[in-house]
Amino acid sequence: MADGGNYRLRRYGLFQLSGTTGQLAHIPGVPFYQSVEINPLNGGEHRHFAGLGANTVENPFLHEVILFDFAQMISSDHIAGDWLVGVHQIRIIATPGVPGNPTPEGTHRDDEDYTSQHLMSRRNIGGGINYFYGNGPEPTEDPQTIWEQQTYFDSYYFDHSLWHSVSPIVSGKCDGGGHRDVLLIDFVKPSEVN
Ligand SMILES: [Fe+2]
């Protein structure tokens with residue numbers, strides 16, 4: 001981490017998805033990029049994360065989740081053509097006295113056209129609360145919705161217009177620290193990248 005922290009573990013993979021046929025093809029070895037505007041701490045450079053494990057790339061359940069999420073967010077008259085699908089496995093760790101920050105930090109909008117976020121695991125932590133600030137030109141002063149995901153596959157779906165943030169996590173009452181794992185899947189239509 002650019003702040004010297006060591007509280008975040010992640011893997012990243014990119015797929016090409018045919019909106020017409022639902023065919024998924026993994027594209028190996030692609031770095032991940034976020035602008036400085038979106039991610040002031042770690043943005044502005046191509047970051048090479050560990051790739052998805054081979055079992056994950058081939059995992060039929062992951063493929064079904066990608067196709068399910070795609071179907072929830074993209075209207076049928078917008079679906080045709082090739083899409084790029086980013087899959088992020090993110091673990092934030094908190095140890096006693098050392099909180100873990102979410103990614104990216106602070107209130108922001110995502111670069112990608114559409115994104116789904118699924119909670120995988122939440123163990124022995126406090127915090128990690130989602131805040132949503134509308135989709136106007138600026139975020140609302142106070143959050144319009146506050147939500148703590150607690151259960152496996154508690155999920156939310158949004159597009160590039162939504163202002164949002166996640167609070168840092170802190171270690172819970174049990175010994176040994178804790179973590180929050182999320183699966184983030186984003187969808188970009190390359191011709192519409194702005
Ligand atoms: Fe985000």
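Here the structure is a predicted model, which is why all the values come from computation and not from measurement. Counting starts at 1 for both ligands and their atoms, in listed order.
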TODO: Kindly say whether Arg11 contributes a backbone atom to a donor-acceptor pair with the side chain of Gln89 at under 3.5 angstrom?
DONE: no
**Request:** Return yes if some donor-acceptor pair links the side-chain N/O of Trp163 with the main-chain N/O of Gly136 below 3.5 Å, else return no.
**Result:** yes
Here the salt bridge (charged side-chain N to carboxylate O under 4.0 Å, His left out) pairs for residues 118-128, sequence neighbours left out, are Arg122-Glu148
- Item | Exam field: side chain Asp159 to backbone Asp113, donor-acceptor pair closer than 3.5 Å | no
Residue pairs passing the salt bridge (charged side-chain N to carboxylate O under 4.0 Å, His left out) test with at least one member in residues 169-187, sequence neighbours excluded, are Arg91-Asp181
Within a strict 2.8 Å cut-off of the Fe ion (ligand 1), protein N/O/S atoms tallied 3
Across all chains, not counting sequence neighbours, the salt bridge (Lys or Arg N to Asp or Glu O under 4.0 Å) partners of Arg10 are none
